[in-house]
Amino acid sequence: MVTHTTTSVVTIERFIIEQERLHPEASGELSGLLYDLALAAKMIASKVRMAGIADILGATDHENVQGEVQQKLDVISNEIMIKALDHGGRLCCMASEEEPDMIPIPEKFKTGNYALLFDPLDGSSNIDVNVPVGTIFSIVRKISPGKRGTMEDLLQPGRRQVAAGYVIYGSSTMLVYSTGQGAHGFTLDPSIGEFLLSHPNIRTPDRGKFLSVNDAYEAVWTDEVKTLMRHYRGLEGDRGAMNVRYVGSLVADFHRNLLGGGVFVYPSNGKSPRGKLRLLYEANPLAFICEQAGGKASDGTQRILDVNPTELHQRTPLYMGSKLDVELADRVLSGIATAV
Ligand code: P6P
């Protein structure tokens, strides 16, 4: 006898509409923006999946604003994001890790009430060795006067985000996003080209299983950071040791810790005095998702979402994940005796 398990197939489009209905005042503009982002994710996913086959592996011969050699897929993913989002009439401007300045909406297109900031393909140095990479995006409301966006719209603290999300191109392609009503995960079914709801209302455990840190920089950490690592490794205090899991691809490390519990730590160090991760289109969106799932995100002195940005590509130290482990970081880094 065939038994059918009842699974409700909820596409991301249906979920977005249902979420919009929770806000009678919603214009549908944000929903449209989320549809466009889901489309861009599918287009980038198909390029990432083809990377090993089509001759688009390897690096281009020029650097991006970060001084990093641009991988070909970085450039392609950046173009896909811009072309999928610039004509929908929902944005006043954009910013990308791959572009030095603000990306204006072309004069021929209508503008809208949101600004989009994104890292089109984070962790791209891992592409050639088939390690998961990701796209990260952050959406804020337009606050500047006039129709066209300005830097003022982009340089907003993370607490002003109206939505944020990421796509992980891993063993499956998943899109995780939040509009402030919880964090929800969708898995791409490539056979029908749809993102299906697979992880509703993600909650991250209060205490982490995994510690994600690159301790090659231990020699240039502060004493407080070294003490914190001793706590995480069970060598001090009574927290107990965590398993170390570090892929070197932020979205992959973040996603594993979000689902299983863990803490991602990238302190400032001699090489990166203000940390390595970018505030506006990496730390802020992931911190938004993390808090929506019950976690925390700090720069070691304050909540990531409360940092007031001054530059588009500014970096930040980052302690993000399970609530109790980030609170431990805040205590140890501020020198407060840690009665865990
Ligand atoms: P490190 C990838 O280049 C990236 O920006 C993040 O995806 C990743 O978490 C981090 O850098 C890894 O940095 O210094 O450990 O190689």
Side-chain angles (χ1 to χ4, degrees), residues 44 48 51 57-60 62-75 77-78 81 95-99 117-138 164-170 174 176 208 210-222 225 228-229 232 244-259 262-287 289-290 295 297-300 304 312-321 326 329:
I44 294 171
V48 169
L57 276 178
T60 59
H62 58 278
E63 290 185 350
N64 65 11
V65 65
Q66 320 293 338
E68 294 163 345
V69 174
Q70 274 189 314
Q71 303 290 330
K72 289 178 186 173
L73 266 177
D74 270 343
V75 175
S77 305
N78 190 51
M81 287 291 281
S96 167
E97 185 202 32
E98 301 300 335
E99 304 282 345
L117 304 99
F118 59 89
D119 183 351
L121 206 63
D122 179 77
S124 51
S125 51
N126 294 295
I127 289 167
D128 289 355
V129 292
N130 216 3
V131 165
V133 291
T135 298
I136 311 171
F137 62 87
S138 168
Y166 64 89
V167 187
I168 177 168
Y169 310 101
M174 269 194 72
V176 177
F210 304 115
L211 166 61
S212 301
V213 67
N214 181 350
D215 48 20
Y217 303 118
E218 184 158 4
V220 290
W221 285 340
T222 63
V225 171
L228 175 63
M229 292 305 152
Y232 285 155
V244 176
R245 289 284 186 283
Y246 192 72
V247 176
S249 182
L250 174 60
V251 172
D253 282 317
F254 176 77
H255 183 69
R256 179 202 53 245
N257 293 352
L258 182 74
L259 297 187
V263 63
F264 177 91
V265 173
Y266 205 111
S268 54
N269 60 50
K271 190 176 152 200
S272 315
R274 291 185 67 183
K276 176 177 185 182
L277 282 311
R278 289 80 168 183
L279 174 65
L280 289 178
Y281 41 78
E282 292 175 343
N284 273 348
L286 296 184
I289 295 274
C290 191
S298 160
D299 69 357
I304 284 287
L312 197 52
H313 301 288
Q314 77 183 62
R315 300 172 188 266
T316 177
L318 186 55
Y319 302 81
M320 177 167 61
V326 176

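Start at 1 and go down the list; that is how both ligands and their atoms are numbered. Treat the numbers as computed from the prediction; the structure is a model and nothing was measured.
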Quiz item: Which protein residues have a heavy atom under 4.0 Å from ligand 1?
Solution: Asp122, Gly123, Asn214, Tyr217, Tyr246, Gly248, Ser249, Leu250, Phe264, Tyr266, Lys276, Arg278
Quiz item: Taking only residues two or more places apart in sequence, or in another chain, which ones meet Thr316 in a side-chain hydrogen bond (donor to acceptor under 3.5 Å, both in side chains)?
Solution: none
Quiz item: Going by atom types alone, do Asn284 and Ser138 pair a side-chain donor with an acceptor below 3.5 Å?
Solution: no
Practice problem: For Phe118, enumerate each residue passing the ring-ring contact (aromatic ring centres under 6.0 Å, His included) test, keeping only those at least two apart in sequence or located in another chain. | Solution: none
Practice problem: Walk me through it: do Met81 and Ile44 pass the test side-chain contact (heavy atoms from CB on, under 4.5 Å)? | Solution: CA-CA 8 Å; Met81 287 291 281; Ile44 294 171; 4.0 Å; yes
Quiz item: Looking at Tyr319 and Val326, what are the two nearest heavy atoms and their distance?
Solution: O-CG1, 3.7 Å
Self-check item: Partners meeting side-chain hydrogen bond (donor to acceptor under 3.5 Å, both in side chains) with Gln314 (sequence neighbours left out)
Solution: Thr310
